[in-house]
Amino acid sequence: MTSRPGDRALLSVADPADPGAFRRLGPGLALALTVALAALGLNTLVPTLSALLVAILVGVVLTNLVRMPEATAPGLAVAAKTLLRAGIVLLGLQVSLLDIAGLGAGTIGVVLAVVVGGLLVAEFGGRMLGIRPAQRSLIGAGFSICGAAAVAGVEGVIDDKQDEDVVTALALVVLFGTLMIPLLPLLVAVLGLGAHVGGLWAGASIHEVAQVVAAAGIIGGGALEGAVVVKLARVLMLAPVAVWFGWQMRRRAGCAAASGGGAREQRLPPIVPLFVVGFLLAVLVRTVGVLPSPTLDALKVVQTVLLAAAMFALGCGVRLATLKTVGGRPLVLATLTTLAVGLIGWGGVTLVG
């Protein structure tokens, strides 16, 4: 099993109040934030390029071409965990419950069907393919909810994962999400769905928010608004899905403790992780409308930088040599999950659109 940058080093990082903490964390955090800002700048110039995906790719390329300095390991570990969770909390400020309610019961039902259906296909398909539980859960979350951010968010509540489970899910999300940008608009044209239904389908089926925006822009004709709101409704599902996985981990740990085997002293994971609480509070703040638009815009930039820095750090853990040993089964599962999400989304928006 390979280790992501700083996994071991993070264990030795002292309290941030320690005067030496900045010296240990500084190099890695500075590198991650620099790449994140560069990715954001590229996204500003070319809006179809997701800053998060650019950051992941830079991390993958960099870590496979050069040896990362050991001094960056503690900071990258903090970026991959702490900055990630802060970014997910701020992601909630993009989601308004009023906008989602405006979709109507039918479209909300489609969103629920897409998320639940994608997770179930990943679970049962993964079992049939002999894929580890953690890996199929991560693939299911990433493909059903909001791509790389969902993979990284759910990772935090899954204790039995291995490093290659996370990096494989991230790599597959990047690959399949990118392929769907040109493919789905082409299918919309071939099927004659029209801009409105096509936009809803894009929001219900494509992984990353930025990828949805790119595909909806290709579809044109006013597809963007509906696509983004539907996609944000899927983003909202990150909270209950994370709680579900956290509860599952807690239940298994409790069963293990009850059966003995030295597990009685094991600390049970929280049912509701703190970052999920923060995410939901941010959703409520956006829904109430207490923050003015300029503040929301500024916080969206901060959120993108934090998530991009985290994605870069996670990308630095993707060893191509390790991915080669994973085999083709995760690729098959990713294909099945993509087809399931796409078909459920298409059938649903065709009925309600």
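Please read these numbers as outputs of a predicted model, since none were measured by experiment. The chain is numbered in sequence order, starting from 1.
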About how many Å separate [atom2] of [Y] and [atom1] of [X], when rounded to the nearest 0.5 Å?
| X | Y | atom1 | atom2 | value |
| --- | --- | --- | --- | --- |
| R136 | D165 | CZ | CG | 10.5 Å |
| L307 | L90 | CG | CG | 8.0 Å |
| F275 | L238 | CZ | CG | 6.0 Å |
| L57 | L62 | CG | CG | 12.0 Å |
| I100 | T287 | CD1 | OG1 | 7.5 Å |
| I344 | L112 | CD1 | CG | 11.5 Å |

Give the intermediate values and the outcome of side chain to side chain contact (heavy atoms under 4.5 Å, CB included) for residues I219 and L184.
CA-CA 9 Å; I219 295 170; L184 192 136; 4.1 Å; yes
Indicate yes or no: at least one non-hydrogen side-chain atom of [X] is less than 4.5 angstrom from one of [Y].
| X | Y | result |
| --- | --- | --- |
| L170 | L138 | no |
| E208 | V173 | yes |
| M68 | L31 | yes |
| L236 | V283 | yes |

Over all atoms of both residues, closest heavy-atom pair of [X] and [Y]:
| X | Y | answer |
| --- | --- | --- |
| V228 | V212 | N-CG1, 4.4 Å |
| A195 | G220 | CB-O, 3.2 Å |
| A39 | V54 | CB-CG1, 3.9 Å |
| P27 | A71 | CB-O, 3.8 Å |
| L33 | A309 | CD2-CB, 4.0 Å |
| S205 | G345 | OG-CA, 4.1 Å |

With no hydrogens and no angle check, is any side-chain donor or acceptor of [X] less than 3.5 Å from a backbone partner on [Y]?
| X | Y | result |
| --- | --- | --- |
| W201 | G342 | yes |
| T107 | G104 | no |
| Q211 | S50 | no |
| K231 | I145 | yes |
| R234 | H207 | no |
| T63 | G59 | no |

Do the side chains of [X] and [Y] join up, straight or via other hydrophobic residues, at under 4.5 Å, putting them in one cluster?
| X | Y | result |
| --- | --- | --- |
| L336 | L179 | yes |
| L83 | V301 | yes |
| V290 | L299 | yes |
| V116 | V110 | no |
| V89 | L314 | yes |

Quick one: name the residues clustered hydrophobically with V190, using the 4.5 Å side-chain heavy-atom rule over I, L, V, M, F, W, Y, and just say none if it's on its own.
L186
Only residue of L183, T338, V341, I139 satisfying side chain to side chain contact (heavy atoms under 4.5 Å, CB included) with F176 is T338
I would like to know whether Q94 and V235 meet side chain to side chain contact (heavy atoms under 4.5 Å, CB included); could you show each step before the answer?
CA-CA 9 Å; Q94 293 188 40; V235 171; over 6 Å; no
Tell me, with the steps shown, if R329 and L333 meet side chain to side chain contact (heavy atoms under 4.5 Å, CB included).
CA-CA 6 Å; R329 290 177 297 175; L333 182 60; over 6 Å; no
Full working for side chain to side chain contact (heavy atoms under 4.5 Å, CB included) between T168 and Q135
CA-CA 8 Å; T168 299; Q135 188 172 85; 3.9 Å; yes
